[in-house]
Novice: 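Take a look at the following structure, please.
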Amino acid sequence: APPLPSTAPGHTMRAAVYVGAAQLALAVTLGAAAESSYETKYYNQTLDHFHPEDTARWSHRYLINTEHWDGSGALANGCVGPILLYTGNEGAIDAFWSANGFMIDYLAPKWGAMLLFPEERYYGESLPFGDASFEPENIAFLSTEQVLEDYVELVTHLKATTPGAADCPVVAFGGSYGGTLTTFLRTAYPHVVVGGLASSAPVGYYDTAGWETAGIDEYTWSDIVTRVYDDADPSCIDLMFAATAAIEAKAADEAGQASLVDAFNVCEFAGLGPDGQPAALFQYALESLPQLDYPVAIGDLPAWPVNATCSTLVGAGTDDADALVAAAASITQMAMGSTNSSCMETLTEGPGGIPGDGPGPGNWGYQSCTETLHEFSARGIRNLKFDYDASANYCAELFDGVQPNPKALATRFGGYAIPSSSTNLIWSNGGLDPWHGGGFYEHSSPLKTDPSNTYIWMKRGAHHLDLRGPDAADPEEVTAARELEENIIRGWIDTASGGPADGTRGHKEDRTGAATPTGGRTR
């Protein structure tokens, strides 16, 4: 199947790469997308950072922009200007560029900053073994620790080889798993980045030992999804049940199955879901939409797509089965970005599976089979009980005996203890995003948070909306969040460098000496 457009949450299978709706959602391009261009470069990267006797290297893609890094943001320590680093996550890095307008089109021009976007290994063009990268013996070099080391090595190399960059403070930015990477990068390598903005970073979901203290459980992700729909329209969930029943009734005979294939624009009946679950694709689409509940239209998605979804279902009513099926098909195609495409290929993982995507073939499937497996169950839109053994057996089948360790990341990096041991981190979360359940908040840490860390809450924020370019339609709390983030990050840069070279505090366009907040703030 041809790749789906970057504006669509969905799947594409290329060279055995699995990308689920939750992953492509990270690369959704808003109307206020980044406008600046970039240069594509490649670095001869270390394959295995933990075995120095292994000297194998591979071609690591990264994007760089120095158009504003022209000395206009020069710092007192001799640095030409700060470096803003996006910690590339599970997708092609060029897709993430267009979804990061805050740092690209706002902060970089304002501060005379360099922009650096390294691609996560085993995604996009950064394939250490080319088309053979996803063979079990080769994909073993994909881990969060190796990814972080890639970024440390690249940053260190560029600072050492680029005139004027040696003493430049680096600030990390990341969204979702990228926000998790930003959190871990600042935690493990504080000498490399002076701070980090981790938006929609669900680090807590990996630390099940801290769930009770944080007030979450296995159903938190799906409960947030249900709540977002309930807030949009109290009748919405019941109408979803009615639509699901209508799909299942129509799937009872061959004629009905054929009509469903046509209505949903899938290539085969199996594309609607695993055996016995013909409504699974519809339910999967419904679960994907709250995190994409942005205030502006995106590709096939209208502004506030959750409200649009409920309106579509209300319009179908409860008594007309055909109208409900048509409504469900329309919603599914909207969510999956397949309204103007040829038939949608059958997804290899997602529908009927763990909420938010889990084990499967390819890159993210492998990460789920090793260290990012979410121990989520579902209720509300559908019912599912998390089954570790089923996931482990599937992973072993896919990757020659590999077994998932859902506690790996918390064990290695600290989980809910991170806010007490790390400094200069901003964790921002949105109330419409089911990933916010695993976010960090001042109350969720079992220990006292370091006062240099900041927690930002955006009630009407979707998945890392604050990283995207400002738009007039943004909720006021999102606009306020970006303002606070800007002031805090500028403070980190000035502290690390002695401030701007001309002795003022601020940036090249507005040196007004705006106050820089410090210490344990919560919005």
Novice: Are W457 and H436 packed together at the side-chain level, in the sense that at least one heavy-atom pair is separated by less than 4.5 angstrom?
Specialist: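 Touching, per the 4.5 Å side-chain cut-off.
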Novice: Quick one: do R61 and D94 make a salt bridge, cutoff under 4.0 Å?
Specialist: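 A salt bridge is present here (some side-chain N lies under 4.0 Å from a carboxylate O).
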Novice: Taking the six-membered ring for Trp and the single ring otherwise, decide whether the centroids of Y205 and F376 are under 6.0 Å apart.
Specialist: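 That pair passes the under 6.0 Å test.
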Novice: Are S199 and F173 side-chain neighbours, meaning at least one heavy-atom pair lies under 4.5 Å?
Specialist: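 S199 vs F173: side chains apart.
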Novice: Would you say the side chains of N44 and H60 form a donor-acceptor pair under 3.5 Å?
Specialist: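 The answer is no; no qualifying pair exists.
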Novice: Please identify which of these residues, Y151, Y38, W97, F96, meets the ring pair (Phe, Tyr, Trp, His ring centres under 6.0 Å) condition with F117.
Specialist: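 Exactly one option meets the ring pair (Phe, Tyr, Trp, His ring centres under 6.0 Å) with F117, and it is W97.
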Novice: Between Y177 and W364, is the gap from one ring center to the other below 6.0 Å?
Specialist: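 Yes; W364 has its ring centre under 6.0 Å from that of Y177.
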Novice: Side chains of T346 and E268: donor-acceptor distance under 3.5 Å anywhere?
Specialist: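 Per modelled atom types, T346 and E268 side chains form a pair under 3.5 Å.
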Novice: In this structure, is the centre-to-centre distance between the rings of H374 and F386 below 6.0 Å?
Specialist: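 Centroid distance F386-H374: not below 6.0 Å, so no.
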Novice: With a 4.0 Å cut-off, would you call D223 and R227 a salt bridge?
Specialist: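 R227 and D223: not salt-bridged.
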Novice: Flag the pair E119 and K41 as a salt bridge only when some basic side-chain nitrogen lies within less than 4.0 angstrom of an acidic carboxylate oxygen.
Specialist: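 K41 and E119: not salt-bridged.
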Novice: So, taking the atom named CZ in R121 and the one named OG in S143, what distance separates them when rounded to the nearest 0.5 Å?
Specialist: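 R121 atom CZ to S143 atom OG measures 7.0 Å (nearest 0.5 Å).
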Novice: Got a sec: does the CG of D275 have more than 12 other heavy atoms crowding it under 6.0 Å?
Specialist: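 It does not: D275 CG has 12 such atoms or fewer within range.
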Novice: Could K459 and E477 be called an ion pair, given the rule that one side-chain N must be under 4.0 Å from one carboxylate O?
Specialist: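 No, K459 and E477 are not salt-bridged.
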Novice: Verify the ring-centre separation between Y366 and F134: is it less than 6.0 angstrom?
Specialist: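 No; Y366 has its ring centre 6.0 Å or more from that of F134.
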Novice: Any heavy-atom pair between the side chains of L197 and L467 that's under 4.5 Å?
Specialist: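 Result yes, sub-4.5 Å side-chain heavy-atom pair found.
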Novice: If you measure only the distance, is there a donor-acceptor pair under 3.5 Å linking the side chains of E125 and Y42?
Specialist: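 There is such a pair (donor and acceptor under 3.5 Å, judged by atom type) between the side chains of E125 and Y42.
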Novice: Report yes if the side chains of F413 and L148 come closer than 4.5 Å at any heavy-atom pair, otherwise no.
Specialist: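 Yes. Closest side-chain heavy atoms under 4.5 Å.
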Novice: Are E371 and K407 within salt-bridge range, i.e. N to O under 4.0 Å?
Specialist: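 Salt bridge absent between E371 and K407.
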Novice: Salt bridge or not for D474 and R482, using N-O below 4.0 Å?
Specialist: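 The answer is yes: the pair qualifies as a salt bridge.
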Novice: Is the NZ or CZ atom of R379 both under 6.0 Å from the centre of the six-membered ring of Y219 and within 45° of that ring's axis?
Specialist: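 Satisfied, under 6.0 Å and within 45°.
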